[in-house]
Colleague: 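Below you will find the structure I want to go over with you.
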Amino acid sequence: MPKLTVHRGARQIGGCVTELRTSTTRIVIDMGSPLPGPEGTAPETALSLSGVTTPGEPCDGVFFTHNHGDHIGQIGCILPEVPLFLGETAQDVALTLYHRLARHDVEGCAPILAALERANTFHPGVPLTVGDLRITPLLVDHSAFDAYMFLIEGEGLRILHTGDFRNHGPRGKALYPVLRRYVGQVDWLICEGTTLSRSPHPIMTERALGRRAQTIIQKHRHVFVLCSSTNIDRIAVFTHSTPRSRPVVCDGYQKEILNRVELRNGDKSPFYRFDRVIPYSSRNRKLLNWMADQGFLMFVRANDRFRQRMESYRNDCVVLYSMWSGYLDGPCANPDLAQFLDGFPVIRLHTSGHAEHATLREVCRILQPRRGIIPIHGDQPEVFRSLAPSCRVTCFKDGEMLTL
Ligand SMILES: [Zn+2]
Ligand SMILES: [Zn+2]
């Protein structure tokens with residue numbers, strides 16, 4: 001029978017590392033770094049795994065659900081002989097991000113870039129065979145673009161690993177049909193539970209967020225947006241919420257990310273076409289005149305260059321803060337961010353990248369896990385029991401092994 005070990009992430013959000021082994025095959029899903037702790041402190045990140053990060057029993061592959069740091073952050077620690085797998089656009093976006101970080105002399109980028117370069121890519125719905133396991137990546141809606149669930153079949157069992165997901169974003173309506181059509185009943189459901197410790201109330205959809213953005217953009221001529229450069233859906237929502245008469249502006253790095261996404265996805269959906277997003281240049285007279293005439297929406301990042309650019313609009317602008325509120329308030333707040341926003345009128349406009357309680361409940365109802373549910377990526381996994389009372393919910397500790 002296959003054996004499962006959640007090396008990290010059994011009782012915390014992020015830093016996920018899950019291992020599955022059969023009698024002949026050993027795979028790992030995600031190799032993430034824990035999320036930053038209080039005051040931006042970096043918690044212990046190095047997870048040593050024999051055969052994966054240090055010589056030992058061979059590993060047949062590490063599969064990445066998506067490119068958020070809490071799932072991919074330790075990719076650079078993986079031994080070069082271990083095959084790596086991730087989505088094509090996820091790879092492109094991560095390469096662009098880490099090349100930029102490397103240019104800014106951020107430590108540890110070189111091994112991450114080398115690992116990303118050598119990674120194999122997979123395609124939605126196309127199964128891969130690794131040893132005696134068949135792994136089918138299923139595209140899901142999440143705040144990282146090109147995110148996947150994995151349906152893993154082997155030794156007579158069907159297991160679904162959800163990665164991070166939601167159904168309140170632009171691709172969300174596909175979730176239930178995909179699960180019904182391509183997955184059906186499973187033996188085990190390894191499911192993210194980020195929101196288990198949060199309110200059970202419905203979460204604002206990206207569509208509703210777009211409507212709010214539209215109202216704000218109509219009211220203010222100069223709109224700055226602070227959101228993750230890799231939250232493509234959010235960038236698309238803000239872009240499409242801006243009237244055509246107004247320029248949407250970003251910097252060269254952000255434009256490069258958007259170009260990468262558009263190249264592989266723009267022909268599938270106009271939502272992922274970003275031709276109207278213009279890289280800012282102080283030499284582009286036409287753009288500067290347009291911005292002066294019509295106002296603008298500008299994607300910014302918390303650094304001195306953007307702060308200087310924003311300074312002259314201080315009394316006639318709004319900053320849309322579109323990231324997790326915990327970076328601004330509470331024990332994990334980042335003081336640099338508060339300083340960057342100091343003195344500017346800020347409107348918070350954000351929604352979660354994770355499934356709300358009702359979605360988790362419906363996923364369990366569709367999949368009817370025969371043997372049980374294993375919650376990961378959540379700090380209160382026990383709450384899952386109230387969402388799926390007819391299923392066995394197995395909560396365990398990091399490093400514990402379970403025979404499936
Ligand atoms: Zn995550
Ligand atoms: Zn994520």
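Whatever order the structure lists ligands and atoms in, that order sets their numbers, starting from 1. Position 1 is the first residue of the sequence; numbering continues from there.
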Colleague: Output side-chain donor-acceptor pairs under 3.5 Å for residues 92-100, partner residues at least two apart or in another chain, one line each.
Modeller:
unit_1, atom_1, unit_2, atom_2, d
Asp92, OD2, Arg264, NE, 2.7
Asp92, OD2, Arg264, NH2, 3.3
Thr96, OG1, Asp92, O, 2.8

Colleague: Can you check whether His168 reaches Met204 side chain to side chain, under 4.5 Å on heavy atoms?
Modeller: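 No - every pair of side-chain heavy atoms lies 4.5 Å or more apart.
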
Colleague: Between Arg11 and Glu382, does at least one N-O distance fall below 4.0 Å, as a salt bridge requires?
Modeller: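 Judged by the 4.0 Å cut-off on N to carboxylate O distance, Arg11 and Glu382 do form a salt bridge.
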
Colleague: Apply the test side chain to side chain donor-acceptor pair (under 3.5 Å) to residues Thr25 and Asp60: give CA-CA distance (whole Å), side-chain angles for both, the deciding distance (0.1 Å), then the verdict.
Modeller: CA-CA 6 Å; Thr25 308; Asp60 298 291; 4.6 Å; no

Colleague: Any carboxylate oxygen within less than 4.0 angstrom of a Lys/Arg side-chain nitrogen, looking at Arg166 and Asp141?
Modeller: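 Yes, this pair counts.
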
Colleague: So, at under 2.8 Å, which protein N, O or S atoms would a careful student list around the Zn ion (ligand 2)?
Modeller: His66 NE2, His68 ND1, His142 NE2, Asp164 OD2

Colleague: Decide, yes or no, whether a salt bridge links Arg158 with Glu153 under the criterion of side-chain N to carboxylate O below 4.0 Å.
Modeller: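 A salt bridge is present here (some side-chain N lies under 4.0 Å from a carboxylate O).
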
